[in-house]
Structures are given as C-alpha cells and as structure tokens.
Trainee: 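Sharing a structure, written as structure tokens. Questions coming.
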Amino acid sequence: MQLVGNRYEFEGGITPQQLVEKYDCPLYVYECSVIKNQFLRMRNAFSLEKLKINYACKALNNVNILKYMKQLGAGLDTVSIQEVRLGLLAGFDPSEIIYTPNCVSLEEISLAVKYGVRINIDNLSILEQFGHEYPDYPVCIRINPHIMAGGNSKISVGHIDSKFGISFHQTPHIHRIVKANNMKIEGIHMHTGSDILDIDVFLQGAEILFQIAKEFRDLEYMDFGSGFKVPYKEEDIETDIEELGEKITARFRDFCTEYGRELTLMFEPGKFLVSQAGTFLVRVNVIKQTTSTVFAGVDSGLNHLIRPMLYDAYHKIVNVSKTEGRSRIYTVVGYICETDTFGVNRKLTEISEGDILAFYNAGAYCMTMASNYNSRYRPAEVMIYEGKDYLIRRRENFDDLLQTQVLCPVLDEVPAEH
Ligand SMILES: *Cc1c(COP(=O)(O)O)cnc(C)c1O
C-alpha cells in the first residue's frame, strides 16, 4: 500500500476504503506484486543455476498464496504435517516440499514419508529411529551452528541452549547413526533464527556448514534457512540481500568445486517474501481521552495481530481515512479484555470515530497467529492479483465458533430431584 497524492492505494489503484466497503473490517490484504518483487530480488541476488527458494508457509498459509508462490517458482518449507498437506493441495510436487519439524513424533514423520516429501531431521534420537525404520529414504540434517542471531530470544533459534538442530559438536554421533543404518544424507541445513542483520553471521554459520558438508558424500543440496530482516520502521535497516547473494554465491561455488559436484543452494524465507505484502485494515470504534493519553480503540486486538504484544513488534500505523490536516498523538489499542496495545504514542492524522487505520508489514506471522480469543471471529483475507481484489478467506460467523464443540448430553437432562 502506498500513498499516492493524498490517498492510499493498493496495486491497481484500489483504495482501502473500497475494500472495507466491499468486505468489511477487520481485513487482511495481500498484494501479489510485492511478493513477486521480493521473490525476484532474492532470486536475482544469487547468480546460481541451482538455486531453490522454499517459501516458509508458516508465515502466511492461505492456499492461494501458496499457489501464487508455486507460480513464481518457489518450493515450500513446512514445519507440520498439516502444512505439508496444504502444500500438496496447492499443487506442489512432494520433491518441492521440505518438512522441518521440531519435537514431533516418529508417527508424524512417517506420514511425511508416505507423502514423499523431503524430510529434515533435527534430533539424534529421531535420526536413529528414522534410520532404523526407513534406511533407504534420503534425509536432510538440521545442524545447529551455535550462532547467536535473531531479533529477540523467542525467535532466535541457533544459540547454544536452543532446542533446534543437532549441535555441530555432535557430528561424530550423526556419522555413527548414518553408518550403522546405511542412510543417505541428501542435504545439510541450518536456520539460525529470524531478524538477522549481520551478513557475517550468515557467513560464519555457512562456514560451519561447509565443514560438516564435506564429510557427507551423497549431498544434493545445502539449505541455509532464513532470518532475512525486512524494515518495519522507517529507519530500520534490512538484510542486504544483494551483498549476501554476492558473497554466498562466490563461497558456494568454491565449495562445490572443492566438493566435486554442483549442489543446489536452498533458502527458506517467510517474512522476507510476505511481510511487506500485507496490510491490516481496522476501524476505529472509539476515541477515549484520559488525563494523559488519547486512546484510539479499534475493532481488533491481540486475537488478530499478536506480534506487538508477543514480540514487542513495531507495526507502522496510518489513518487511511484522513491523510491531510493536523496530527495528534494516539495510543492505538484493541477491544480485547486484556491489555492489547498495538502502538504507543503514534503520530497520526486526527482520527474520528469510524476512520480506517492500516497496519503495515501485516503479511508475515499475523493472520497465521490469529485466534478466536474473546469468542471473536477471525478476519477475512483479500488478495490483490494483477490489479484486482479477490476474497481468499471469508469472515467467520457464529457457527464457525461452535463447529468443533460437542454438546454433552447429560447437561441437557432434567436435574434429578434432591
Ligand atoms: C520459521 C522458519 C523459517 C522462516 O523464517 P523467517 O524469519 O520468516 O524468514 C525458515 N525455516 C524454518 C525451519 C523455520 O522454522
């Protein structure tokens, strides 16, 4: 969404007001053109024939978005068997889907074998069980390079105490298990966490991975995960994807020469591809002035967009109903009966009740984390594709809230006399 003159517009000149009129509020809007830009930026940053960008669909899992990713040429990174099924439903070939679970049962991993997708194992115990059960099924191994990175402790997953990956200190154990079961290791993987800014962190991790990769002779690919940072605030710096591409490409080529075979380089970005493609539209229900603060209370809350409360994430907010005139300072809050503050002391053009506010960067980890807390409906989703808007998830209704509840018959019986 961009400010064009004095009005906000999506791709194709569609305004937020038009969408709200058509689909009501609160509403998630995704622009395919932004996803495409990010995808091409990433693809062009790496000048390698064998490059595969696997979209991490936990960021935004609407099947239509997955289909669009497939159209762009992406593969899919999945973390649950349900995401695997969504990917298959969206038309991905099993070979284009990589399944990277953490702390799931061997039963679930067996289902992934049944579906025929690529499997990434991040635990010695599971590697051993898997090798015993499926010695002929090639797997990838997730290594923990113990590199501290990431925006905050909840999303930093590569450090020493992290539950993710097999420590690179444990490679002798990996070899013992692989040898004992005659397993084929087709890939080596790392994913150090979200919000990595420093390219040197990536390169350090990559060096550790190259060291380990040398010792496995059946490799087809190396997967460097994700963690690419996008700007949320105006002054935020983003991962310099072009510089990273240049450096990794050169180093990867050298490695492949040394290894004796050309491998595929894989990445699995979520946020980088979809964060900026999303905008969340809400309506201001009330303005509430206290002695010290002016609150703008909107028709949404932590049930729809929890990142500010869960991660202290900053989402830029604008008043799309009024783009000119004087500004005031607002604290934007939700309608949930719990403190759900979206933004403190934000300078917005003066808000009237009924105005529409827009949240930026609402593509990644927003709708996928939404819940029915307070028995509220989850928002609808709209995709803008080639300048036209399409409803891709309808708004929920009261029946949806009850759909999985089962009425217990004894509670409907007439109480016995006492
Ligand atoms: C979440 C996740 C990603 C995507 O991370 P982003 O920060 O959204 O790019 C990639 N790989 C794995 C294994 C993940 O769990």
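Every number for a ligand or one of its atoms is a count from 1 in the order of the listing.
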Trainee: Can you pull out every salt bridge (charged side-chain N to carboxylate O under 4.0 Å, His left out) where at least one residue sits in residues 201-213? Sequence neighbours excluded, please.
Mentor: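 Output for this query lists Glu207-Arg251.
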
Trainee: Could you tell me which atoms of ligand 1, counted from 1 in the order shown, lie closer than 4.0 angstrom to a heavy atom of Tyr365?
Mentor: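 By the 4.0 Å cutoff, the relevant atoms are 1 (C), 4 (C), 5 (O), 6 (P), 8 (O).
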
Trainee: Determine, step by step, whether Glu186 and Lys184 satisfy the salt bridge (Lys or Arg N to Asp or Glu O under 4.0 Å) criterion, reporting the C-alpha distance in whole Å, the side-chain angles of both residues, the deciding distance to 0.1 Å, and the verdict.
Mentor: CA-CA 6 Å; Glu186 64 167 13; Lys184 186 182 169 201; 5.5 Å; no

Trainee: Does any N or O atom in Thr100 lie less than 3.5 angstrom from one in ligand 1, N or O only?
Mentor: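 No - when backbone and side-chain N and O of Thr100 are compared with those of ligand 1, no distance drops under 3.5 Å.
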
Trainee: Pull out every atom of ligand 1 sitting under 4.0 Å from any heavy atom of Gly270, numbered as shown with elements.
Mentor: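 Within the 4.0 Å cut-off of Gly270, ligand 1 contributes 4 (C), 6 (P), 8 (O), 9 (O).
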
Trainee: Minimum distance, heavy atoms only, to atom 4 (C) of ligand 1: which one of Gly225, Ala56, Cys57, Gly165 is it?
Mentor: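 Comparing heavy atoms across Gly225, Ala56, Cys57, Gly165, the nearest one to atom 4 (C) of ligand 1 lies in Ala56.
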
Trainee: Could you list which atoms of ligand 1 come closer than 4.0 Å to a heavy atom of Pro269?
Mentor: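 Per the distance check, 9 (O).
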
Trainee: Give the contacting part of Asn120 toward ligand 1: side chain, backbone, both or neither, where contact means a heavy-atom distance below 4.0 Å.
Mentor: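 Neither; nothing of Asn120 gets under 4.0 Å from ligand 1.
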
Trainee: If the contact criterion is a heavy-atom separation under 4.0 Å, does Ala59 count as touching ligand 1?
Mentor: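 No heavy atom of Ala59 comes that close to ligand 1.
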
Trainee: Please confirm whether the ring centroid of Phe224 lies under 6.0 Å from the ring centroid of Phe210.
Mentor: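 Aromatic pair counts; centres sit under 6.0 Å.
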
Trainee: Which atoms of ligand 1 have any heavy atom of Lys271 under 4.0 Å away?
Mentor: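 In order of number, 6 (P), 8 (O), 9 (O).
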
Trainee: Output yes when Arg41 and Glu242 qualify as a salt bridge under the 4.0 Å nitrogen-oxygen rule, no when they do not.
Mentor: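 Judged by the 4.0 Å cut-off on N to carboxylate O distance, Arg41 and Glu242 do form a salt bridge.
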
Trainee: Does ligand 1 come near enough to Lys58 that some N or O of the ligand is less than 3.5 Å from an N or O of the residue?
Mentor: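 N/O-N/O distance below 3.5 Å exists for this pair.
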
Trainee: Evaluate the side-chain contact (heavy atoms from CB on, under 4.5 Å) criterion for residues Arg378 and Asp400: first the C-alpha distance (whole Å), next the side-chain angles of each, then the deciding distance (0.1 Å), finally the verdict.
Mentor: CA-CA 10 Å; Arg378 279 176 296 180; Asp400 291 323; over 6 Å; no

Trainee: Looking only at side chains, do Glu396 and Asn372 share a donor and an acceptor under 3.5 Å apart?
Mentor: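 There is such a pair between these side chains.
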
Trainee: side-chain contact (heavy atoms from CB on, under 4.5 Å) with Lys50: which residues, sequence neighbours excluded?
Mentor: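 Partners of Lys50 by the side-chain contact (heavy atoms from CB on, under 4.5 Å) criterion, ordered by chain and then number, come out as Glu262, Thr264.
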
